[in-house]
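First comes the structure, then the notes that go with it.
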Amino acid sequence: MYHKLYHNNKWVLFIMLTCLVSSLPLYAGDFSIAKPKDIALSPIQNSYRDKICLNGIWNFKKDSANQGESQQWYNGLNHFRQIAVPGSWNEQFTDMRDYMAWGWYETETYIPRSWKNDKIYIRVNDATYAAKIWVNGKAVGEHEGCHVPFAFELNNYINWEASNRITIKVENILKPERVPTGEVPGSAFGNFPNANYDFFPYAGLNRSVELYSVPSVASIHDITVRPDFEGTTGFMNVEIEQKGALSSGKIIVEGFGKKIEKSVSFTEGKAKTKVDIPDVHLWSPETPDLYDVTVQLSQNGKVVDSYTLKTGVRTVGVTENEILLNGKPVFLNGFGKHEDFPINGRGSAYPVMVKDFELMKWTGANSFRTTHYPYDEEYYHMADREGIMVIGETPAVGLYFAGDSVQLSKRQKTCKQYIQEMIYRDKNHPSIIMWCVANEPSDKATLGFSVMRKTKEEKERMKNMFAESFSLAKSLDPTRLVMYVGVMMGPKEWFELTDVIAINRYYGWYTAPGDAETGGYVVGKEIDKLHKQFKKPCMITEFGADTYPGCHDEQAEMFSEEYQVEFIKAYLDVADERPYVTGMHVWNFADFKTSQAIFRFGGFNYKGVFTRDRKPKMAAHYLRERWMNSNQNK
Ligand code: BDP
């Protein structure tokens with residue numbers, strides 16, 4: 001009887017089962033890919049939105065053989081150890097410093113009952129380099145790329161009134177097709193781990209992991225504020241995207257005793273308007289004035305979602321010789337940096353961040369570049385408030401154009417993804433005045449010193465690929481300058497595409513070692529030539545000398561604190577003599593961890609003017625004297 005029934009109804013059963021399975025959330029192995037737009041607004045708390053930070057001690061398990069998925073580790077880790085999130089695994093464990101393969105993270109959390117009618121998301125702010133997420137054993141999504149967040153909706157995966165297991169598998173295998181590249185065949189930059197860049201490839205959940213809720217009826221998905229001004233009136237061109245189908249909303253701009261409200265209506269989820277701000281307070285390093293911009297969505301006259309961000313009104317421009325902020329020339333004094341600290345590795349370390357801002361200001365610096373990747377978002381909030389100008393850089397460091405066409409197009413795709421992720425996330429920060437789409441791109445797999453030895457066609461193809469990055473950045477954000485940073489002896493033709501000529505130079509260190517005077521002379525000659533050819537303002541975005549703290553000599557010698565001062569002085573003098581040099585960023589703010597290499601004593605780059613634990617070398621005092629004086633003479 002059962003047999004017969006089964007056979008008669010087997011097609012019905014089959015169809016029913018198919019429907020059931022397709023209505024269920026995705027299962028292991030079936031991951032959706034993170035969408036860059038989903039990170040446009042960071043999680044906040046207000047009456048309509050909430051967030052939970054999952055930082056703390058998680059369970060962790062190494063998976064050297066990559067067997068975790070086949071053994072279903074997403075159903076619960078056993079024999080795990082404990083790890084701090086955020087933080088890099090390389091610094092926390094005694095046996096994992098150079099481990100670059102797979103690692104599994106797991107934690108448990110409850111979802112507040114008050115979120116029952118909301119859409120619930122997870123946001124991972126940095127999983128270097130690639131990650132997959134499971135919630136309660138069900139595959140949610142995956143993301144490739146480091147130092148940028150990704151987010152997924154979780155409504156179909158969570159338990160109410162029971163705890164939820166969040167599992168994240170992170171992997172940091174160095175590969176030539178990735179950005180940044182690693183394990184590059186024939187690389188002249190012999191190091192271990194074999195990264196094609198000069199900082200340690202710290203792996204893991206380096207930034208916070210958050211759960212957040214947004215209203216489900218409709219929610220604000222993106223806000224873009226493009227500022228401008230004319231005379232004493234400021235403008236904010238505001239573009240809003242919502243998820244949902246509401247037709248009305250409101251923008252409220254508040255600050256300095258003024259409250260300006262403007263209604264907007266949505267068509268196909270999008271709205272835009274221009275808000276005028278009389279007697280505007282402009283953002284600048286001297287007056288880092290910020291306005292609160294609130295966007296509200298309403299249904300039948302009732303507010304259903306609201307999002308407030310802080311931003312400023314300022315413009316950025318260029319002439320042949322100058323970078324302009326609010327129409328006035330500005331000179332960028334500052335540093336290239338790293339997110340790097342003992343034990344934290346690349347993990348967010350807020351006391352270090354606060355200290356770094358203190359020390360930057362102590363030296364008289366007014367700017368820094370987020371070398372060589374977008375930083376933790378708190379950096380930009382601090383910079384907005386402190387009046388520090390920022391060059392926001394993608395993780396495209398040591399980018400090169402060698403390899404087969406599969407590798408080339410994978411890298412190009414990743415570069416574009418990074419540009420989107422960086423601009424979507426960071427676009428409303430007035431402190432960011434320029435986007436840097438790559439550091440030292442080259443056709444060779446070295447840390448620099450490469451000579452273009454390509455055919456005409458290959459050169460043309462590289463330039464076109466690069467042009468795509470520039471035009472993507474410009475199309476996403478026409479209000480800021482776009483640049484890349486050129487390597488010593490590297491290709492020059494890409495400067496045609498940039499707003500500013502930015503170069504990293506180490507004459508007097510890697511060439512003409514020990515001879516800072518010649519170094520200064522050579523850089524001066526080169527920069528004169530570049531300016532004559534391209535007629536754009538120039539910046540030296542890196543220059544510096546490795547300096548072992550406490551190493552002194554009465555006559556400056558390489559690695560001594562005296563030589564670092566002499567080197568920095570020679571370069572700053574070159575800038576002072578040239579009106580078209582618009583910025584000087586010393587490499588580096590602080591000593592930082594690198595892979596092991598014969599020219600990286602103890603696995604460190606010692607070009608910091610501060611030690612890794614933020615004690616000043618002589619050069620930090622020298623910069624303070626020089627920059628503080630130049631600030632006073634303005
Ligand atoms: C430059 C790189 C930077 C390195 C620096 C150096 O942009 O990341 O740390 O050289 O060699 O080429 O110190």
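First listed ligand is number 1; within each ligand, the first listed atom is number 1.
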Taking 4.0 angstrom as the limit and counting only heavy atoms of [X], give me the atoms of ligand 1 inside it, by number and element.
X: Tyr510; result: 6 (C), 11 (O), 13 (O)
X: Glu440; result: 1 (C), 2 (C), 7 (O), 12 (O)
X: His372; result: 3 (C), 7 (O), 8 (O)
X: Asn504; result: 7 (O)
X: Lys607; result: 6 (C), 11 (O), 13 (O)
X: Asp198; result: 4 (C), 5 (C), 6 (C), 9 (O), 11 (O), 13 (O)
X: Asn439; result: 7 (O)
X: Asn605; result: 6 (C), 9 (O), 13 (O)

Exactly one of Phe592, Phe368, Phe199, Phe567 clears ring pair (Phe, Tyr, Trp, His ring centres under 6.0 Å) with Trp587, and that residue is Phe592
Which of Phe559, Phe601, Tyr563 passes ring pair (Phe, Tyr, Trp, His ring centres under 6.0 Å) with Tyr548? Answer is Phe601
Check whether the ring centres of [X] and [Y] lie less than 6.0 Å apart, and answer yes or no.
X: Tyr484; Y: Phe466; answer: yes
X: Phe589; Y: Phe610; answer: yes
X: His531; Y: Phe495; answer: no

Q. Quick one: does Lys337's side chain have a donor or acceptor within less than 3.5 Å of a partner on Asp356's backbone?
A.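 Absent.
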So which bit of [X] gets within less than 4.0 Å of ligand 1, heavy atoms only: side chain, backbone, both or neither?
X: Arg600; value: side chain
X: Phe599; value: neither
X: Tyr506; value: side chain
X: Met488; value: neither

Check your understanding: Side-chain donor-acceptor pair under 3.5 Å between His585 and Glu542, yes or no?
Key -> no
Q.
With salt bridge (charged side-chain N to carboxylate O under 4.0 Å, His left out) as the criterion, how do Lys175 and Glu183 come out once you've worked through the C-alpha distance, each side chain's angles and the decisive distance to 0.1 Å?
A. CA-CA 5 Å; Lys175 294 183 186 177; Glu183 296 294 350; over 6 Å; no
